[in-house]
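Scroll down for the structure; my scribbles are underneath it.
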Amino acid sequence: MIVQYFSGSCLCVALRFPAAAILKETIMTHASSVRRVVLLSLSRVQVLICHALLTLMILAITAQIVGRSIGFSIDVTEEVARFSFIAVVFVAAGYTSMHGDHLAITFALDKAGEGTFLRKLLNTLIFVFTVGFDAVFLYLCIYGLLDGFAWPNVSPVLGMNVAYLYLAPVIGFSCSIVARLLTFAPIQKSTIDDDVHAAEQEAGL
């Protein structure tokens with residue numbers, strides 16, 4: 001965490017005083033706890049959104065199947081299922097990027113070995129690439145959202161502005177960027193998953 005890094009730098013000069021050492025340890029512990037709570041919250045928000053969207057999609061598809069089987073067409077279910085699917089894909093993409101769970105990333109890190117210079121280099125390059133990709137994608141989605149408000153494209157059945165679908169990647173990749181900045185590899189020894197797991201244990205989950 002950047003706050004943790006700079007607080008340690010500012011207090012290192014006064015480490016010769018016992019009180020300063022205690023204060024530094026207290027700040028470090030508090031900063032670590034705050035980081036874990038933030039990461040856990042970001043992770044849970046995305047998971048809850050995905051659960052809600054998947055549930056909505058399943059209900060819409062089920063209603064569509066049942067309606068067709070009895071000869072009754074429910075037009076709204078097609079758009080609800082399609083929009084839910086699109087939204088959950090983008091929220092899940094942000095979640096995957098946040099945790100670094102892409103196949104190529106995990107394969108490269110496994111080959112690098114633990115504690116090696118190559119692994120540290122790969123962690124830094126992955127950080128730069130993922131944050132850069134997330135930032136560019138986030139900018140494009142915000143641009144698409146604003147453009148959609150200026151030039152609305154309304155769905156025929158729900159009457160909803162399709163631009164609202166851009167909110168899904170905005171949420172997902174915003175969470176990913178914040179989480180990546182909080183666990184920048186050269187500053188933090190723990191990973192996002194480590195901090196989320198530690199926060200869950202502290203909360204008794």
Side-chain angles (χ1 to χ4, degrees), residues 1-8 27-59 81 83-110 112 114-115 119-120 122-142 144-145 164-205:
M1 185 175 181
I2 297 177
V3 175
Q4 178 182 355
Y5 176 75
F6 284 107
S7 62
I27 292 176
M28 294 299 186
T29 303
H30 179 69
S32 179
S33 299
V34 171
R35 184 183 73 247
R36 290 175 179 176
V37 171
V38 172
L39 291 173
L40 178 61
S41 300
L42 293 176
S43 182
R44 284 194 163 183
V45 164
Q46 294 178 90
V47 170
L48 288 175
I49 292 175
C50 286
H51 285 175
L53 291 172
L54 282 173
T55 302
L56 183 61
M57 182 177 66
I58 291 172
L59 290 175
F83 292 160
S84 300
F85 176 75
I86 294 172
V88 76
V89 165
F90 282 113
V91 175
Y95 180 87
T96 304
S97 178
M98 169 179 165
H99 287 266
D101 287 337
H102 294 291
L103 181 60
I105 293 177
T106 54
F107 178 78
L109 289 177
D110 290 341
E114 292 288 343
R119 188 180 183 90
K120 293 179 180 179
L122 285 175
N123 274 329
T124 304
L125 292 176
I126 289 171
F127 169 82
V128 173
F129 174 78
T130 52
V131 171
F133 174 82
D134 292 348
V136 171
F137 203 85
L138 178 62
Y139 168 78
L140 294 174
C141 290
I142 293 176
L145 183 64
Y164 282 112
L165 290 175
Y166 284 106
L167 287 174
V170 167
I171 293 172
F173 287 98
S174 295
C175 292
S176 176
I177 292 174
V178 173
R180 285 285 174 183
L181 292 176
L182 289 175
T183 55
F184 181 33
I187 298 177
Q188 301 297 337
K189 293 181 180 180
S190 58
T191 64
I192 294 175
D193 289 330
D194 293 335
D195 284 327
V196 170
H197 182 64
E200 289 175 343
Q201 287 184 331
E202 290 178 358
L205 302 174

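Treat the numbers as computed from the prediction; the structure is a model and nothing was measured. Only heavy atoms go into these numbers, but all of them, side chains included; no hydrogens, no water, no symmetry mates.
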Does Tyr166 OH have over 12 foreign heavy atoms under 6.0 Å away? no

Measure the CG-CG distance between Leu59 and Leu54 for me, rounded to the nearest 0.5 Å. 11.0 Å

For Val136, what residues pass the side chain to side chain contact (heavy atoms under 4.5 Å, CB included) criterion, not counting sequence neighbours? Leu140

Distance-minimising heavy-atom pair for Leu56 and Ser84: CD2-OG, 3.4 Å

For Ala81 and Met57 the tightest heavy-atom approach is O-CG, 3.8 Å

Shortest non-hydrogen pair, Asp134 vs Ser176, comes out as OD2-OG, 2.6 Å

Going by heavy atoms in the side chains, are Phe173 and Thr130 under 4.5 Å from each other? no

Measuring from Tyr164:OH to Leu145:CG, what's the distance to the nearest 0.5 Å? 8.0 Å

Would you say the side chain of Pro169 lies within less than 4.5 Å of the side chain of Phe137, judging by non-hydrogen atoms? yes

For the student: nearest non-hydrogen atoms of Gln46 and Gly172, plus distance: OE1-O, 3.4 Å

Residue pair Cys50 / Val91: nearest heavy atoms and the distance that separates them: SG-CG1, 3.6 Å

Could you pull out the closest heavy-atom pair between Leu42 and Ala179, with the gap in Å? CD1-N, 4.1 Å

Any side-chain to backbone donor/acceptor pair from Ser174 onto Val170? Under 3.5 Å, distance only. yes

Could you go step by step and tell me if Ile171 and Tyr95 meet the side chain to side chain contact (heavy atoms under 4.5 Å, CB included) rule? CA-CA 10 Å; Ile171 293 172; Tyr95 180 87; over 6 Å; no

